[in-house]
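I have placed the structure first, in the form of structure tokens, so that the comments after it can refer back to it.
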Amino acid sequence: MQTVTSADGTSIAFEQHGEGPPLVLLHGGSSPQYWKPIVPLFAEDYTVVIPHRRGVGESGDADEYSLDRGVEDVRAVIDAVDGTPVLFGHSFGGLLAIETARTTAVKKVVAYEPAVLVGEYRAQATLAARMQERIDDGERREAMKFYISEVMHGGEIDDLDGWLAEWPPWPDIVDLTENIARINRAIEQYRLPDSLEIDAPVLLLTGTEGPPHLQDGIRAVNATLSDSQFTEFEGVGHGGPTEAPDRVTATVRAFIDEKETPVPESGS
């Protein structure tokens with residue numbers, strides 16, 4: 001494990017696996033262990049770099065948090081590794097990848113269902129506040145269940161407890177409840193600009209079974225970018241990179257290797 005110091009003095013830890021051009025993997029509302037199924041699929045050809053988001057894993061923390069702080073953390077890690085990296089982010093990590101690439105030199109950007117809220121859903125977004133209400137009532141587990149229901153399943157799941165019983169991060173992810181509530185505040189405060197200027201190609205990924213509000217968000221992101229590709233995975237949900245690692249990895253590799261288009265799963 002290595003560490004760097006972010007702009008506000010917070011210590012940010014990051015892992016490195018393999019050898020080759022740098023590929024930075026940015027986790028969302030889970031832990032850095034989210035990427036465990038993906039690492040072996042890249043580590044033979046890339047130096048896989050996994051930052052620990054502040055307040056998670058081995059990283060330090062600070063009282064205040066914002067999307068800008070998250071971008072500063074990613075930039076500090078980028079400055080510490082050799083070469084110009086590809087950024088690959090999932091969910092909130094996808095938003096971090098996009099926003100970091102607006103001000104930092106990167107080779108390419110991959111974002112799987114970046115946490116961007118648009119339209120009526122954004123106007124009515126109360127996920128962070130509703131999580132906080134449950135936290136304040138001492139119901140951290142219920143707060144996390146509510147988050148998972150909304151983000152992973154779009155608020156529509158018949159047997160959440162049964163699904164959680166088969167989901168490997170449960171119940172350890174309850175330890176991240178407060179951290180996840182605060183990143184949702186940052187997500188709700190974010191406004192997608194009319195035009196995203198990124199001096200690198202961008203690959204946007206989604207699944208047909210992902211939550212509708214994130215599907216709307218990624219299409220809005222695609223519309224604001226001048227150089228982007230879009231791929232949708234049939235039968236895959238919000239956890240796409242770990243639900244279907246072989247399919248997602250093949251598409252990402254094709255994009256990184258500068259083929260004209262990634263391997264398509266469905267129409268874009």
Side-chain angles (χ1 to χ4, degrees), residues 2-16 22-32 34-35 48-81 83-118 122 125 128 176 179-205 214 217-218 220-222 224-228:
Q2 301 184 53
T3 61
V4 292
T5 302
S6 193
D8 71 340
T10 300
S11 176
I12 302 299
F14 65 96
E15 307 169 23
Q16 286 195 175
L23 171 63
V24 178
L25 305 182
L26 303 173
H27 64 94
S30 57
S31 76
Y34 174 83
W35 294 110
V48 180
V49 180
I50 306 178
H52 293 201
R53 193 177 66 249
R54 63 170 58 202
V56 177
E58 300 298 320
S59 285
D61 206 354
D63 291 337
E64 295 183 5
Y65 185 76
S66 67
L67 182 59
D68 288 343
R69 283 281 185 260
V71 169
E72 290 170 357
D73 298 345
V74 176
R75 188 180 300 132
V77 173
I78 290 174
D79 290 344
V81 302
T84 303
V86 173
L87 301 185
F88 180 7
H90 169 254
S91 195
F92 182 66
L95 176 56
L96 280 175
I98 288 168
E99 284 299 302
T100 300
R102 294 178 70 186
T103 57
T104 307
V106 299
K107 182 179 179 182
K108 293 187 177 182
V109 179
V110 182
Y112 191 99
E113 292 186 358
V116 175
L117 310 181
V118 297
R122 186 196 178 283
L176 302 178
N179 190 284
I180 290 175
R182 75 178 186 182
I183 68 171
N184 275 287
R185 292 188 197 99
I187 291 166
E188 291 169 5
Q189 292 166 2
Y190 178 75
R191 287 173 170 76
L192 182 67
D194 293 333
S195 177
L196 280 172
E197 299 296 332
I198 296 177
D199 293 331
V202 179
L203 173 63
L204 299 173
L205 304 175
L214 292 182
I218 196 170
V221 171
N222 191 43
T224 67
L225 289 164
S226 60
D227 185 6
S228 61

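Residue indices begin at 1 and follow the sequence shown.
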Listed pairs under 3.5 Å, donor-acceptor, residues 189-204 side chains, sequence neighbours left out:
{"residue": "Tyr190", "atom": "OH", "partner": "Glu99", "partner atom": "OE2", "Å": "2.7"}
{"residue": "Ser195", "atom": "OG", "partner": "Glu197", "partner atom": "OE2", "Å": "2.9"}

Test side-chain contact (heavy atoms from CB on, under 4.5 Å) applied to Val86 and Val106, step by step: CA-CA 6 Å; Val86 173; Val106 299; over 6 Å; no
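- Of all heavy-atom pairs between Leu176 and Ser30, the closest is CD1-C, 3.7 Å.
- With rounding to the nearest 0.5 angstrom, the CZ atom of Arg69 is 7.0 Å from the CD atom of Glu64.
- The shortest side-chain heavy-atom distance between Pro51 and Val74 does not fall under the 4.5 Å cut-off.
- Considering only residues two or more places apart in sequence or on other chains, Arg122 meets the side-chain hydrogen bond (donor to acceptor under 3.5 Å, both in side chains) condition with none of them.
- Of all the heavy atoms in Ala111 and Ile98, the pair that sits closest is CB-CD1, 4.1 Å.
- Side-chain contact between Arg53 and Phe92 is present, with heavy atoms from C-beta onward closer than 4.5 Å.
- Residues meeting the side-chain contact (heavy atoms from CB on, under 4.5 Å) test with Glu188, sequence neighbours left out: Leu117, Ala125, Leu127, Ala128.
- Contact record, Ile218 with Pro114: CD1-CD, 3.6 Å, taken as the closest heavy-atom pair.
- Judged by distance alone, with hydrogens and angles left aside, the side-chain atoms of His52 form a donor-acceptor pair with the main-chain N or O of Glu58 at under 3.5 Å.
- Proximity of a side-chain donor or acceptor of Asn184 to a complementary backbone N or O of Ile180 within less than 3.5 Å is detected.
- Rounding to the nearest 0.5 angstrom, the gap separating the OH atom in Tyr65 from the CZ atom in Arg185 is 12.0 Å.
- Partners of Phe14 by ring pair (Phe, Tyr, Trp, His ring centres under 6.0 Å), not counting sequence neighbours: none found.
- The shortest heavy-atom contact between Ser31 and Val56 is CA-CG1, 4.1 Å.
- Qualifying side-chain hydrogen bond (donor to acceptor under 3.5 Å, both in side chains) partners for Ser11, counting only residues two or more places apart in sequence or in other chains: none.
- Ring geometry for Trp35 versus His90: interplanar angle over 60°, hence perpendicular rather than tilted (30 to 60°).
- In this structure, the side chain of Thr10 does not engage the main chain of Ser6 through any donor-acceptor pair within 3.5 Å.
- Using a 4.5 Å heavy-atom threshold, the side chains of Leu87 and Ile78 count as touching.
- Residue Val24 comes nearest to Pro85 through the heavy atom pair CG2-CB, 3.8 Å, listed as atom of the first residue, atom of the second, then distance.
- Thr224 contributes a side-chain N or O that, together with a main-chain N or O of Val221, makes up a donor-acceptor pair within less than 3.5 Å.
- The two atoms that bring Leu67 and Ala186 nearest to each other are N-CB, 4.0 Å, heavy atoms only.
- The backbone N or O of Ala115 sits nowhere less than 3.5 Å from a side-chain atom of Ser91 that would complete a donor-acceptor pair.
- Contacts of Arg54 classified as salt bridge (charged side-chain N to carboxylate O under 4.0 Å, His left out), with partners at least two apart in sequence or in another chain: Asp8, Asp73.
- Contact check on Arg75 versus Glu72 returns no salt bridge, with no Lys/Arg side-chain nitrogen under 4.0 Å from an Asp/Glu carboxylate oxygen.
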